[in-house]
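Bear in mind that the values here come from a model prediction, so they are computed numbers and not experimental data.
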Amino acid sequence: MPLTIGTETIARALLFLTASVSALVIIEPAPYDLLIALLLVGWSFFGLELRKDILPLLILLCFYIVGGIMALPAAADTKEAAIFYAVTVFLAFSSFLYAATLSAKIERIEAIEKGYMLAALFATLLAVAGYFNAFPGAYDQFTLYGRAKGTFKDPNVYGPFLLLPTLLITYDILTKPLKENILKAGILLILLLGAFLSFSRAAWGMTLGGALMVFLLVFINERRSVPRLKLLGVLGLAGIGLVVALLAILSIESISEMFTLRAKLVQDYDGARLGRFGRWGEGFTLVTERPFGLGVGGFNSIFPEDEHNAYLKAFTTYGWLGGLSYVTLVFWTLIKALPLVFKPRPWQKYIVCTYVAFLLHACVSFIIDSDHWRHYFLLLGILWAIIAAESGISRYRRFPPTQ
């Protein structure tokens, strides 16, 4: 008999492949970008479904893009601005692609999970190898300013990229027997080491806060007394293990010195008169007078650095229309998805972990420019896919049929 491969197998393989190269962004265009473009074209011709439940995502992303186009004349360098907005269009449609393909068959998210996990592990192994200069050229290639960055250009992007797979493994450890998660526990330790060596304060806070939030949601959703006691025991052991691990790794002098330097909550460049915090107030005051924004690069032509605030940047770079659309989309997503984390569903792991990851990314967006982070738009697409799936259940009073 001839070997036949179904379209669903191909679909899942492509999603796995796309997620598995999502960490290879040290070059541009990245392989991830090319695969997303291929998926957009391919799925558009072979059955990309436009469900009404994801229309709010599409409409607000389109308004966001239109705001950028209207701000284009304000840019000092039109060519640079056009490239910047082209990247925004690409990322926006990648989010819509994930929402559309996953809402049609939510089980496809498992392929993305496996691919993302592989990408995170690959990037982290190179980041750790780079930090300890495990082979010639590793330190120069995979670190920046003494901080691990793996296959990313910036440690501040690499660290948060590891959050979702870290939370997914944490969820499995909390909800499944340990013997089923020995390998995942080992991967978790590697990811935690990678996040730590990024020396990103945002990544540290997101990892610790995210793990605690996932624990809390699992604890709330678990109604039985005995499993709850086990969860408390796991929490206690994790706390002890964290302290021991920190003491061990901080015994390395170079790591201890960098940790002391980076552990300050407010750095000098944050609190100066025109530091990160000082620029925000003046920046928001400035955009109240500019309905079409300042254009790409307009902010740092006035101030010494970029906005380092995704919400401020939405207004400065995309005008009032883009800024309001971006803020509305973020908060609408958080409000719409919140009740779903408490509903028992086969995909509860994914809604809990993705929601926590997205919430924390939305929070750190107040102190960092996350508007062009590829994995942030992946999180957005996953949430809207689950929102759409849940809407289908509510509409038909049953789980959607498998295809």
Side-chain angles (χ1 to χ4, degrees), residues 25 28-30 33 36-37 40 55-97 99 153-154 156-157 274-334 358 361-381 384:
V25 294
E28 289 188 344
D33 303 339
I36 285 290
L40 277 170
L55 281 179
L57 170 67
L58 181 60
I59 292 171
L60 287 170
L61 286 174
C62 286
F63 281 151
Y64 182 53
I65 292 168
V66 170
I69 294 172
M70 293 170 64
L72 186 60
D77 188 330
T78 305
K79 181 179 179 181
E80 178 186 348
I83 295 173
F84 181 91
Y85 292 127
V87 173
T88 299
V89 172
F90 162 79
L91 291 174
F93 279 98
S94 75
S95 186
F96 170 72
L97 172 70
K153 292 183 176 180
D154 189 340
N156 292 322
V157 184
L274 285 180
R276 183 179 308 194
F277 303 148
R279 294 194 299 271
W280 295 346
E282 297 191 30
F284 276 113
T285 300
L286 188 60
V287 296
T288 60
E289 305 167 359
R290 307 283 185 90
F292 298 107
L294 307 175
V296 175
F299 187 87
N300 60 12
S301 68
I302 301 172
F303 299 96
E305 292 183 11
D306 291 336
E307 293 88 337
H308 292 302
N309 182 314
Y311 304 103
L312 173 58
K313 189 169 186 176
F315 283 94
T316 60
T317 312
Y318 300 85
W320 291 0
L321 176 62
L324 289 173
S325 300
Y326 184 82
V327 172
T328 301
L329 178 59
V330 170
F331 285 94
W332 192 346
T333 303
L334 289 171
F358 184 80
H361 276 77
C363 291
V364 301
S365 292
F366 282 102
I367 59 172
I368 198 167
D369 296 328
S370 59
D371 57 306
H372 274 183
W373 289 6
R374 291 168 175 84
H375 68 276
Y376 189 31
F377 285 85
L378 168 61
L379 296 174
L380 183 64
W384 276 95

Determine the minimum heavy-atom distance between A82 and L72, stating which atoms define it. N-CD1, 3.9 Å

Side chains of F358 and T333: closer than 4.5 Å at any heavy-atom pair? yes

Parallel, tilted or perpendicular, as decided by the 30° and 60° cut-offs, for the rings of F366 and Y311: tilted

Nearest heavy-atom pair of T317 and A71: which atoms, and what distance? O-CB, 3.4 Å

Begin with the C-alpha distance, continue with both residues' side-chain angles, and end with the deciding distance and a verdict on ring-ring contact (aromatic ring centres under 6.0 Å, His included) for H372 and F377. CA-CA 8 Å; H372 274 183; F377 285 85; 7.7 Å; no

Test your reading of the model: is there a side-chain donor-acceptor pair from D369 to the backbone of H308, 3.5 Å cut-off? yes

Value rounded to 0.5 Å, distance of CZ in F90 from CG in L97: 9.5 Å

Walk me through whether V25 and K153 qualify under side-chain contact (heavy atoms from CB on, under 4.5 Å). CA-CA 7 Å; V25 294; K153 292 183 176 180; 5.8 Å; no

Distance col, row S95:OG vs L378:CG, nearest 0.5 angstrom, shows 8.0 Å

Closest non-hydrogen atom pair between G323 and F315, with its separation: C-CZ, 3.6 Å

Would you check if L379 and W373 make a side-chain contact, meaning some heavy-atom pair closer than 4.5 Å? no

Quick one: does L91's side chain get under 4.5 Å of R374's, heavy atoms only? yes

d(D371 CG, E307 CD) to nearest 0.5 Å is 8.5 Å

Less than 4.5 Å apart, side chain to side chain, heavy atoms only: is that true for L329 and L61? yes

For a 4.5 angstrom cut-off between non-hydrogen side-chain atoms, does V296 reach D77? no

Tightest non-hydrogen contact, residues A75 and A81, listed as CB-CB, 3.5 Å

Do I65 and Y318 make a side-chain contact, defined as non-hydrogen atoms from C-beta onward lying under 4.5 Å apart? no

As an exercise, state the distance from CG of L60 to CG of L324, rounded to the nearest 0.5 Å. 10.5 Å

Is T88 close to Y64 at the side-chain level, that is, under 4.5 Å between some pair of heavy atoms? yes

When rounded to the nearest 0.5 angstrom, what is the spacing between OG in S365 and CG in L312? 12.0 Å

In terms of relative ring orientation, are W384 and W332 parallel, tilted or perpendicular, with 30° and 60° separating the classes? perpendicular

Assign the ring pair Y326 / Y376 to parallel, tilted or perpendicular, where the plane angle (0 to 90°) is split at 30° and 60°. perpendicular

Hey, could you give me the CZ/OG1 distance between R290 and T316, rounded to the nearest 0.5 Å? 11.0 Å

May I have the step-by-step check of side chain to side chain donor-acceptor pair (under 3.5 Å) for S370 and H361, ending in yes or no? CA-CA 8 Å; S370 59; H361 276 77; over 6 Å; no

Quick one: does N309's side chain have a donor or acceptor within less than 3.5 Å of a partner on I367's backbone? no

Exceeds 12 heavy-atom contacts within 6.0 angstrom, atom CZ of F96: yes

